[in-house]
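Data first, discussion second: the structure below is written as structure tokens.
Order of the sequence lines fixes the chain letters, A, B, ..., with proteins taken first and strands second; residue numbering starts at 1 for each chain.
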Amino acid sequence: MKNGNNTVRVRFAPSPTGRVHLGAARTALYNYLVARQMGGQFILRIEDTDTKRYVEGAEDELINGLRWLGIEWDEGPDVGGPYAPYRQTERQEIYREYIRKLLETGYAYPCFCSLQRLEQVRQQQQRDKTQQRYDGLCRGLLPDEISRRIAAGEEHVIRFKTPYEGSTTAHDLIRGDITVENKNLDDYILFKSNGLPTYHFAAMVDDHLMGITHVIRGSEWLSTFPLHALIIRAFGWEEPQWVHLSVFLKPSGKGKMSKRDADEAVKDGKSIYIKDLKELGYIPAGILNWMVLMGWGVAEDDVMNLNEMSERFRLNGLNPAPAAINFGKLDHFNGTHIRLMPTDELAELLQPVFAQAGYDVDDTVLLKVIPLIRERLITLDDCLAFAGWFFQEDIEPKPEDLVAKNLSPSESAEIARQIYDILADLPVITHESAEAPLRDLVEKLGLKPNQVFGILRVAVTGQQVSPPLFESMEIVGKETVLKRVGQAIDLLESMG
RNA sequence: GCCCCCAUCGUCUAGCGGCCCAGGACGGAGCCCUCUCAAGGCUCAAACAGGGGUUCGAGUCCCCUUGGGGGCACCA
């Protein structure tokens, strides 16, 4: 390997131009997984050479989002490393040095064409329905003229001198050899007139200098990656392994997931933005498990944590075809991982959810409540609907909910009174002490269990859907239970 | 328009020439369990885009068609 000690080095190199979404997070994940399983390094590099599209705060969201997911990097702008700096705008000297080399060897040349002229050329090519490519006006400029115009301060860019003849073949790990005719490539701009490099140039220089062995990135680079290979070869460097990931399609499978679609999803309580997912009550383990399986698959046992993923993941098992996003599966994996989580760990996650909703949560109560609600949670936020009533002094059941199915309010009130008497007679309400006498009551009245328990459930919890009744009563205690059943009786009687 | 990539159940996928009248997961249907809602267990429906080759044998290899995706910026 090029860095001499056989270590795999991969990188995730986003540009801070927007929010962190699924596509980016999954690319980061795959890179991270490869580094982990091979005992290599994972590098975070910020590609901020587009000053126009730079978004304030994007880098923070990125770092926070990735860290929250549990994806850690060995080197990066915030943690430093042997190849610092890791922010491209801080590496401008380096790029200038390397572009000089390409200029000297004749692989690159200055181009003085104006934006307007370029636009005209493009339009003409469009009219002619031919391939769009720089027409090469400045390609043959003599050294004298070049130095004269540069000395005169004329604005210019630097282009790669892509051969007109021949073809270029480069190898993608999951697609095999890809060959393009050089005439179908372009004289891509390597340096912009503002003195900053473009992605094509900066990324190649950095990947080489940072000893990157595997470039794992989105498929939007698939059509330009022969060009990237050309740049690397022009320097005489060794090529990394190229891996181009598929894109995400919208849930319908019809068309690429666009920003607009992403915004639409948010209205349904779904999102492809990591930060939104966090706020929606999804947990890292669930999101990770969901993401890793979009573009990669296992034969069986698809529930995995990060460690298991890094052991099982295989780059050559990647699927080159685009994948449609399936939010239903996110729910499934999130619920599954919540169920897998130790009680105390879940408690720590649930505590702030309750707090944010305005509940004053007692930790010891919460610890007892969790086993009752855990298998009912899809997202963390679901705990509010199931268990919020545990932490409310007063509940307000709807009178009509208190009325048992096929019975009148007064009949229901009578049953509630009998329930009250039974519970009042118990020294303490537990699952064990309450169930038998209440079931006897059901039998005595000749009713369905649900009719009797339904009244009690609504009386105690205020809602028709709740965690298991007996266990719940045990937690809130006899005093509260009796108080609420008493209130329910009053309510039922007031209904006439 | 030009260039490149892709193609197994509705969706994510296993499959790298015979182990496949195609396996798993989500979702769906049914049953069981059951104090509600879940969770769990069991069962069922559901796919190799189409057409040509190659081969004793093709979901697996090749070609074409069709369909989908990406790229064609002084953006990454």
*For RNA chain B, find the residues of residues 298-305 of chain A with a heavy-atom distance under 4.0 Å and give them by number; none if there aren't any.*
Val298(A), Ala299(A), Glu300(A), Asp302(A)
*Looking at the side chain of Asn319(A), which of rC2(B), rU36(B), rA14(B) is the nearest nucleotide?*
rA14(B)
*Does rC16(B) have a Watson-Crick or wobble mate here (both distances under 3.5 Å), and if so which one?*
none
*C1' atom, rG52(B) versus rG70(B): distance in rounded Å?*
29 Å
_Check: Phe191(A) ring centroid to Tyr98(A) ring centroid under 6.0 Å_ = no
*May I have the distance from Leu227(A) (atom CG) to rC4(B) (atom C1'), rounded to whole angstrom?*
13 Å
*asked:* Base, sugar-phosphate or nothing for Asn450(A)? Non-hydrogen atoms, less than 4.0 Å.
replied: sugar-phosphate
*rC2(B) pairs with which nucleotide, Watson-Crick or G-U wobble, both distances below 3.5 Å?*
rG71(B)
*Which value, in whole Å, describes the distance between the P atoms of nucleotides rG50(B) and rC33(B)?*
43 Å
*Is it true that Asp187(A) and Arg133(A) make a salt bridge, defined as a side-chain N closer than 4.0 Å to a carboxylate O?*
yes
*Grab the OH-P distance between Tyr54(A) and rC74(B) for me, whole Å please.*
24 Å
*With sequence neighbours left out, what residues match Thr179(A) under side chain to side chain donor-acceptor pair (under 3.5 Å)?*
Thr169(A)
Under 3.5 Å, which protein N or O atoms sit close to an N or O of nucleotides 58-65 of chain B? Give each pair with its distance.
none

*asked:* Between C1' on rC4(B) and CZ on Arg175(A), what's the gap in Å once rounded to a whole number?
replied: 10 Å
What protein N or O atoms touch nucleotides 45-48 of chain B N or O atoms at under 3.5 angstrom, if any, and at what distances?
none

*Pairs in or reaching into residues 217-233 of chain A: which pass side chain to side chain donor-acceptor pair (under 3.5 Å), with residues at least two apart or in two chains?*
Tyr199(A)-Arg217(A), His200(A)-His228(A), Arg217(A)-His228(A), Arg217(A)-His244(A), Arg233(A)-Glu239(A)
Side-chain donor-acceptor distances from residues 460-469 of chain A under 3.5 Å, at least two apart:
from	atom 1	to	atom 2	distance (Å)
Thr461(A)	OG1	Arg457(A)	O	2.7
Thr461(A)	OG1	Gln463(A)	N	3.1
Thr461(A)	OG1	Gln463(A)	O	3.0
Gln463(A)	NE2	Ala385(A)	O	2.8
Gln463(A)	NE2	Val465(A)	O	3.1
Ser466(A)	OG	Arg457(A)	NH1	2.8

